[in-house]
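If you read the sequence from its start, that first residue is 1, and numbering goes on from there.
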Amino acid sequence: MSTIAETAHRGQARRGMRIDGWRWSGRIFLVFMLLYTALPMIWMLITSIKSGFAAMQFPPQWWPDQPTLASYQKLLDPQNSVGQDFLRFFWNSLFVSTATTILSVIVAVPAAYAFSRFTFPGRNFLFFAVLLRNMFPAVIFLVPLFILMRAIGLVNTHGSLVLTYLTFGLPLAIWLLKGFYDNIPVQLEQAARIDGATRFQAFFLIVMPLSAPGIIATAIYSFIGAWNEYIYAYTFLSKNEQLTLPVGIQRFFSENTTDFPGLMAASFLMSVPVVVLFLVLQRYFVRALTEGAVKH
């Protein structure tokens, strides 16, 4: 009996070692991925507080002898031309991203609810047709969309970007919300209808609060996609007062030199709204992804 017990104990010890090995491998991998993603941001931040000469030194100076916030002061000062341009680009990006987010939610919420709750001819075909656009890279639609925007007079306007970003953001937004609505029991709506509520009231008072994490996740996705987009903004906009941040920060490049501290400071300030938005709302984003992916 003792031999059997010792053998079982050794087996459990080996399994424990294997589990610990996988656990530590996972931790090491997570640390590696954290460094992989954080180091570029750290280097960008360090470069932004260097002088122009220190930023060009080779071998690179990892920490400046005299850190300076001159690049940030220049960008945020509306009294100089660089600050005026940067703040204008920032406002343009904020306006386009916010408008895209609001319209995306307004359209995706009823569309996803219809796909989830109603049965109509061609329902499955239409749902998968919505996702068909995501099978192709965005650059394929560049010329057709430019011709369309020029025909309706939207070139060099923010409306062209909002409509384009809706074209690319709505498919995933509808798909994400549809999976979320599928997990909300229809019996809750039926109970509200029995109590005298209309279908709209049942949706607004019952389904909408329960689907808030999915709506917030959709809004985050739409905002980030519009905020970071470059190709269409570069193609559709040519007037300086209409440019968004991804296009506008290329003004730090010139034929003879590049203002690397200014470029890194602008890039860091551009990343702040997205990082803050995700950190504040990340629990809703994760909840929407998990609940929308599992059928109860």
Side-chain angles (χ1 to χ4, degrees), residues 91-120 122-134 138 141 145 148-149 152-154 157-184 186 188-189 192-193 197-229 232-233 236 242 244 273-274 276-278 280-289 291-293:
W91 165 252
N92 291 340
S93 287
L94 186 62
F95 172 78
V96 170
S97 301
T98 303
T100 301
T101 301
I102 293 174
L103 291 176
S104 179
V105 170
I106 291 175
V107 176
V109 166
Y113 181 78
F115 280 121
S116 176
R117 289 293 191 260
F118 300 126
T119 300
F120 49 87
R123 172 176 171 268
N124 291 333
F125 173 79
L126 286 175
F127 179 66
F128 287 106
V130 167
L131 297 176
L132 184 63
R133 194 228 58 82
N134 285 1
F141 302 95
L145 283 174
L148 175 62
M149 296 303 168
I152 61 180
L154 289 181
T157 67
H158 292 148
S160 62
L161 295 184
V162 173
L163 289 177
T164 300
Y165 297 159
L166 283 175
T167 303
F168 297 122
L170 274 177
L172 185 57
I174 293 174
W175 176 82
L176 181 65
L177 277 176
K178 194 262 185 187
F180 204 90
Y181 288 139
D182 287 342
N183 288 322
I184 298 177
V186 70
L188 296 177
E189 296 176 69
R193 296 290 301 277
T198 63
R199 179 175 287 277
F200 177 78
Q201 289 174 332
F203 171 73
F204 187 77
L205 298 176
I206 304 298
V207 178
M208 284 284 286
L210 293 175
S211 62
I215 296 174
I216 291 174
T218 301
I220 294 174
Y221 169 78
S222 301
F223 185 90
I224 293 176
W227 182 266
N228 292 329
E229 203 281 325
Y232 284 90
F236 292 168
Q242 297 290 339
T244 55
V274 174
V276 171
L277 181 67
F278 188 80
V280 172
L281 302 175
Q282 63 174 329
R283 63 191 181 98
Y284 297 104
F285 189 75
V286 174
R287 180 181 167 188
L289 290 178
E291 291 191 7

Check whether any side-chain N or O of [X] sits under 3.5 Å from a backbone N or O of [Y] as a donor-acceptor pair, and report yes or no.
{"X": "E229", "Y": "A233", "value": "yes"}
{"X": "T98", "Y": "F95", "value": "no"}
{"X": "S211", "Y": "G214", "value": "no"}
{"X": "S222", "Y": "A219", "value": "no"}

If every non-hydrogen atom of [X] is compared with every non-hydrogen atom of [Y], which pair is closest and at what distance?
{"X": "K178", "Y": "A112", "value": "N-CB, 3.5 Å"}
{"X": "I174", "Y": "A111", "value": "CD1-CB, 3.9 Å"}
{"X": "T218", "Y": "L177", "value": "OG1-CG, 3.4 Å"}
{"X": "R117", "Y": "V186", "value": "NE-CG2, 4.0 Å"}
{"X": "G169", "Y": "Y221", "value": "O-CE2, 3.6 Å"}
{"X": "A173", "Y": "S104", "value": "CB-OG, 4.0 Å"}

(request) Starting from the C-alpha separation in whole Å, work towards a yes-or-no answer on side-chain contact (heavy atoms from CB on, under 4.5 Å) for M149 and T157. (result) CA-CA 9 Å; M149 296 303 168; T157 67; over 6 Å; no
(message) Below 30° counts as parallel, above 60° as perpendicular, anything between as tilted: where do the rings of F236 and Y232 land?
(response) perpendicular
(request) Go through L210 and L188 one step at a time and tell me if the side-chain contact (heavy atoms from CB on, under 4.5 Å) criterion holds. (result) CA-CA 11 Å; L210 293 175; L188 296 177; 3.6 Å; yes
